[in-house]
Amino acid sequence: MEVKDFDLGLSAMSGQPLAFYSDYRRSGATEILTYPTQLGRITVSASKRGCVSSVRSSCSESHYKAAAEREVVERFALDEDLSDVYARIDTDPFMSQAISELSGLRVTKNDPWETVLCFVISQFNNIKRIRGIVGNLSKAFGEEIRPDGETMHLIPTPAALASADLSAIRRCGTGFRDRYIKRVAEECSTRVDLGELYDLDYAEAKERLLALHGIGDKVADCILLFGYRKLEAFPIDTWVKRVVETKYFKGRKRSIRQIHSFAERRWGDLSGYANQYIFYQGRLNKIGT
DNA sequence: ACCCAGGCGGGCG
DNA sequence: CGCCCGCATGGG
């Protein structure tokens with residue numbers, strides 16, 4: 001299929017959940033992304049011609065081919081017109097440049113539980129290590145699938161992690177996050193139904209997430225943005241805080257609350273899109289360091 | 001050696 | 001509400 005404004009590599013590897021459990025490589029002009037799902041292993045390849053990408057998806061279980069295509073369209077929001085988004089978040093020269101340099105970066109739609117797990121692990125951590133920990137947990141506690149005879153592991157379910165020994169979780173390299181992981185897995189496999197949050201508005205859903213142990217303001221916003229695709233969420237990590245202070249407040253310190261308020265006034269219900277461009281543009285160019 | 005990483009919970013004033 | 005602290009681990 002042909003898609004306008006889609007960059008597979010930027011969308012998958014810019015710090016969203018796929019960056020923690022997929023494999024990405026480039027082969028000449030073609031980009032190839034592989035990740036495990038309930039359907040089996042999904043492979044997405046894309047080649048760009050100008051602002052249009054030719055996208056092909058496949059599944060190791062060939063009879064799920066149509067389902068794999070739907071999965072890819074939904075995960076990368078390929079039916080969303082990015083030019084509308086750009087028109088609404090392009091409020092200043094910094095954002096204009098970010099949009100221009102990161103053209104085709106899309107906010108992805110991920111499984112809520114997988115997003116919870118990834119971002120509980122993300123706290124006080126770096127992307128490379130998050131990848132390692134998610135991989136170790138998947139290997140230790142995730143269901144094994146064998147596409148084409150090759151072994152892969154799904155991300156572990158809440159029940160699998162809830163019944164795991166704390167020390168076995170710790171051995172996956174989680175550090176002090178072992179308790180958060182086990183406890184949030186217990187909550188999500190018993191009294192908490194993450195599926196209910198789809199129907200709640202942003203503020204109500206955030207309140208529910210904040211009630212879970214190990215989920216604070218920033219992680220809750222990541223889950224709402226990447227797991228439920230509530231585009232008004234504006235996760236504020238160290239990068240976003242620094243970049244916003246540098247680019248929008250002349251380098252003066254601002255509180256998390258002030259930055260939330262600033263983003264809401266400026267980008268409204270598309271704050272999450274602006275956030276992803278700020279975050280990745282800031283990282284690539286080390287803005288504020 | 002030191003510093004940092006897509007922060008959070010708990011305790012304090 | 002804001003501020004401060006400890007927290008595990010690996011890479012620059």
Side-chain angles (χ1 to χ4, degrees), chain A residues 10-22 98 102 105-108 110 112 114-137 140 166-188 206-231 233-247 252-261 263 271-289:
Chain A
L10 285 175
S11 301
M13 304 310 281
S14 57
Q16 302 182 233
L18 280 169
F20 306 140
Y21 60 86
S22 68
L102 304 177
L105 166 56
R106 286 169 181 263
V107 171
T108 61
N110 303 270
E114 294 181 359
T115 310
V116 166
L117 182 62
C118 285
F119 282 96
V120 164
I121 293 167
S122 80
Q123 58 178 104
F124 199 38
N125 213 337
N126 61 60
I127 290 180
K128 186 176 296 184
R129 237 167 65 79
I130 298 165
R131 269 185 79 90
I133 294 169
V134 172
N136 292 341
L137 288 172
L166 195 60
S167 60
I169 294 175
R170 184 67 167 259
R171 263 179 263 122
C172 293
T174 59
F176 64 89
R177 308 165 193 81
D178 55 353
R179 287 181 170 76
Y180 296 159
I181 292 168
K182 186 169 169 67
R183 191 157 158 188
V184 83
E186 286 167 353
E187 290 170 321
C188 291
K206 185 166 182 176
E207 196 174 335
R208 295 272 202 101
L209 288 172
L210 289 175
L212 303 184
H213 193 69
I215 297 180
D217 180 77
K218 187 269 177 184
V219 167
D221 274 326
C222 284
I223 296 164
L224 292 166
L225 182 57
F226 304 129
Y228 296 92
R229 216 161 184 288
K230 294 187 185 293
L231 297 180
F234 192 86
I236 302 171
D237 73 323
T238 54
W239 280 103
V240 170
K241 184 169 187 296
R242 277 203 299 264
V243 175
V244 169
E245 286 167 347
T246 301
K247 294 295 179 180
R252 299 191 216 287
K253 292 294 181 188
R254 286 295 180 269
S255 68
I256 300 292
R257 175 176 296 277
Q258 287 174 308
I259 294 175
H260 272 307
S261 159
S271 290
Y273 250 103
N275 182 281
Q276 191 60 16
Y277 280 74
I278 290 168
F279 169 73
Y280 206 53
Q281 183 73 351
R283 277 200 55 148
L284 289 177
N285 299 290
K286 303 190 186 313
I287 294 169
T289 60

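Residue numbers begin at 1 in each chain, while the letters A, B, ... track the order of the sequences. What's counted below: heavy atoms across the whole structure, side chains too, no hydrogens, waters or symmetry copies. All figures in this text were calculated on a predicted structure; none of them were measured in a lab.
- Across all strands shown, A:Ile215 has heavy atoms under 4.0 Å from sugar-phosphate atoms exclusively, and none from any base.
- Residue-level contact check: A:Arg170 touches the backbone only, with heavy atoms under 4.0 Å from sugar-phosphate atoms and none from bases.
- Among the atoms of the strands shown, none is found under 4.0 Å from any heavy atom of A:Arg183.
- Between A:His213 and A:Trp239, the residue whose closest nucleotide on DNA chain B is further toward the 5' end is A:Trp239.
- Each of A:Lys128 and A:Tyr180 was assigned the nucleotide of DNA chain C with the nearest heavy atom; the assignment lying further toward the 5' end belongs to A:Tyr180.
- Using a 4.0 Å heavy-atom criterion, one finds that A:Thr238 contacts the sugar-phosphate atoms exclusively.
- At a threshold of 4.0 angstrom between heavy atoms, the contacts of A:Phe226 include nucleobase atoms, whether or not backbone atoms are also involved.
- As judged by a 4.0 angstrom heavy-atom cut-off over every strand, A:Gly15 is placed among the base-contacting residues.
- Among the protein residues, A:Ile121 comes within range of no part of the nucleic acid, since none of its heavy atoms lies under 4.0 Å from any strand.
- Interface remark: the A:Asn275 side chain does form a donor-acceptor pair with the B:dG6 base, using a distance-only criterion of under 3.5 Å.
- One interatomic measurement links the two molecules: CZ of A:Arg242 to C1' of B:dC3, which rounds to 12 Å at whole-angstrom precision.
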- Message: Give the dot-bracket line for DNA chain B from 5' end to 3' end: parentheses for intra-strand Watson-Crick or G-U pairs under 3.5 Å, square brackets for crossings, | for inter-strand pairing, dots for unpaired.
- Response: .||||.|||||||
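- Using a 4.0 Å heavy-atom criterion, one finds that A:Ser14 contacts the bases of the nucleic acid, with or without backbone contacts as well.
- Under the stacking definition used here (centres under 5.5 Å, planes under 30°), the residue A:Phe119 fails to qualify as stacked on the base of B:dG6.
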